[in-house]
Amino acid sequence: MSRQRSMETILTSEFVSIGELVRLTDSRYSTLKFYTEEGMLPFEQAEENLTRRYKREDTVALILMIKELKSNGLSIPQIKEALNMDE
């Protein structure tokens with residue numbers, strides 16, 4: 001298992017892991033994994049390395065938007081529809 005990066009390092013990185021997103025957004029790992037599997041959080045994945053990398057700024061903003069929509073009572077299908085409208 002690799003050593004955790006410092007928050008200072010994470011905040012200056014272009015790409016972060018799902019575990020680092022958990023720390024940045026105070027979200028549950030299982031929740032972010034679900035959002036990823038539902039296609040709500042885009043990521044990059046190198047073929048030789050199975051680690052998913054997320055663009056830090058874009059993904060944190062997206063997670064905060066999802067949290068806001070969820071707190072307003074929207075369902076996952078409604079949130080996905082709302083996110084697709086912004087593209």
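Only a predicted model underlies this, so the values are computations on that prediction, with no experimental measurement involved.
With contacts defined as side-chain heavy-atom distances shorter than 4.5 Å, the pair Ile79/Lys70 qualifies. Met40 places none of its side-chain heavy atoms less than 4.5 Å from the side chain of Ile63. Proximity of Lys55 to Glu44: side-chain heavy atoms (C-beta onward) are separated by under 4.5 Å at one or more points.
Scanning all heavy atoms of the two residues, the minimum distance from Ser27 to Lys67 falls at OG-CE, 3.2 Å.
Under the 4.5 Å side-chain contact rule for hydrophobic residues, Phe15 and Leu21 do not share a cluster.
A distance of 14.0 Å separates NZ in Lys80 from CG in Leu69, rounded to the nearest 0.5 Å. Between atom CZ of residue Arg5 and atom CZ of residue Arg23 there is a gap of 9.0 Å, rounded to the nearest 0.5 Å.
There is a side-chain donor-acceptor pair under 3.5 Å between Thr36 and Tyr54.
Within 6.0 Å of CG in Asp26 there are 12 or fewer heavy atoms belonging to other residues, nucleotides or ligands. Around the CD atom of Glu57, the shell of radius 6.0 Å holds no more than 12 heavy atoms that belong to other residues, nucleotides or ligands.
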Dump the intermediate steps for side-chain contact (heavy atoms from CB on, under 4.5 Å) on Thr31 and Val22, then the final yes or no. CA-CA 9 Å; Thr31 300; Val22 167; over 6 Å; no
From CA spacing to verdict: side-chain contact (heavy atoms from CB on, under 4.5 Å), Leu62, Tyr35: CA-CA 10 Å; Leu62 195 53; Tyr35 292 161; over 6 Å; no
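Here the side chain of Glu20 pairs a donor or acceptor atom with the backbone of Ser17 at under 3.5 angstrom. Side-chain atoms of Ser13 do not come within 3.5 Å of backbone N or O of Val16 as any donor-acceptor pair. Formation of a donor-acceptor pair under 3.5 Å by the Thr59 side chain with backbone atoms of Arg56 is not found in this model.
With Leu41 as the fixed residue, the side-chain contact (heavy atoms from CB on, under 4.5 Å) test singles out one of Asp58, Leu83, Ile66, Ile18: Ile66.
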